[in-house]
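Please read the structure below before turning to the comments.
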Amino acid sequence: MGQEERLARLYEHLEEAQVVRGYLLWGGLVVAGASFLPSLAERLAEETGLGAGFVGTAFVGAVTSLPEVVVTLSAARLGAFDLAAGNLLGSNLFNALILAWDEALYPGAFFLEAHSSHLAAVLVALAMYGLVLVGMSYQAARKLAVLSWDTFFLLALYLLGLLWLYALR
């Protein structure tokens, strides 16, 4: 049995109207929750003293990436590894494009208003993209414990980036 037949069997019991209702319901719930997120994050930053840049990068970034995590893990479980990688890389590229939209809609100089600690996040993100590029070009034959070398360094870079952002707050 091929991949397509296996996927068709998984979802054959669902009707189109049921899928559309579920999509609209859960999508609406995500949009409603997301509308409260900026004010909650700002309050968290003020009350903890962590700083808006750190809270935005670490916590809001993690929370808003949860849908990508679910889609990526689901795609990987189905064996659709290209879909999993494309989802994450495409989502990050689209999120960067949103900054251009913000700049266009903001009446002042959007990037001048942002805290300079975001430069650290950009540098870490570029380094992580470089590691992804190297990892996709040079496929590791074996893993170090549970992680391949590139995944280990991605995790290490992310944690070091969080420490750097925390220090810059």
Side-chain angles (χ1 to χ4, degrees), residues 23 26-77 80-138 140 143-169:
Y23 181 82
W26 295 112
L29 188 63
V30 167
V31 169
S35 65
F36 292 107
L37 193 57
S39 58
L40 291 174
E42 186 175 27
R43 185 170 169 201
L44 178 67
E46 288 172 5
E47 290 188 15
T48 61
L50 290 174
F54 180 80
V55 169
T57 302
F59 298 124
V60 176
V63 167
T64 58
S65 294
L66 289 176
E68 284 90 3
V69 171
V70 171
V71 170
T72 301
L73 291 176
S74 298
R77 277 186 42 212
F81 300 108
D82 284 338
L83 178 63
N87 172 53
L88 287 179
L89 296 173
S91 174
N92 283 297
L93 290 174
F94 184 78
N95 285 341
L97 181 65
I98 292 172
L99 288 172
W101 188 353
D102 290 339
E103 173 71 21
L105 296 177
Y106 188 71
F110 178 81
F111 291 113
L112 287 178
E113 297 290 331
H115 193 271
S116 62
S117 67
H118 293 295
L119 288 174
V122 169
L123 289 173
V124 171
L126 288 173
M128 290 177 77
Y129 266 118
L131 267 174
V132 168
L133 178 64
V134 170
M136 292 178 89
S137 301
Y138 170 76
K143 294 183 174 186
L144 309 168
V146 219
L147 303 175
S148 59
W149 67 269
D150 50 345
T151 306
F152 174 78
F153 283 118
L154 279 172
L155 181 61
L157 252 179
Y158 181 76
L159 294 175
L160 286 172
L162 286 180
L163 285 173
W164 189 13
L165 283 170
Y166 182 75
L168 292 174
R169 64 183 164 83

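Only this structure's heavy atoms are used, side chains among them; waters, hydrogens and symmetry mates stay out.
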Given side chains that start at C-beta, do those of [X] and [Y] come closer than 4.5 Å, heavy atoms only?
X	Y	answer
Val124	Leu160	no
Leu123	Trp164	yes
Leu37	Val60	yes
Phe94	Leu97	yes
Leu157	Leu131	yes
Leu99	Phe111	yes
Val69	Thr72	no

Atom [atom1] of [X] and atom [atom2] of [Y]: how far apart are they, to the nearest 0.5 Å?
X	Y	atom1	atom2	value
Leu112	Glu103	CG	CD	8.0 Å
Glu68	Leu73	CD	CG	11.5 Å
Asn95	Ser65	CG	OG	7.0 Å
Glu113	Asp102	CD	CG	13.0 Å
Leu133	Leu89	CG	CG	10.0 Å
Leu88	Leu93	CG	CG	11.0 Å

Chi angles and distances behind the side chain to side chain contact (heavy atoms under 4.5 Å, CB included) call for Leu50, Leu44: CA-CA 8 Å; Leu50 290 174; Leu44 178 67; 5.5 Å; no
Using side chain to side chain contact (heavy atoms under 4.5 Å, CB included), reason through Val31 and Ser35 one step at a time and then give a plain yes or no. CA-CA 6 Å; Val31 169; Ser35 65; 5.9 Å; no
Quick check: closest heavy atoms across [X] and [Y], and the distance to 0.1 Å?
X	Y	value
Val63	Pro67	O-CD, 4.0 Å
Ala32	Phe36	O-CD1, 3.2 Å
Ala114	His118	CB-CD2, 4.0 Å
Asn92	Tyr129	CB-OH, 2.7 Å
Leu168	Ala120	CD1-CB, 3.7 Å
Leu165	Ser117	CD2-O, 3.2 Å

Taking OH in Tyr166 as the centre, count heavy atoms belonging to other residues, nucleotides or ligands within less than 6.0 Å. Is the count above 12?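 Atom OH in Tyr166 is not crowded, with 12 or fewer foreign heavy atoms closer than 6.0 Å.
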Taking the six-membered ring for Trp, are Tyr138 and Trp149 parallel (under 30°), tilted (30 to 60°) or perpendicular (over 60°)? tilted
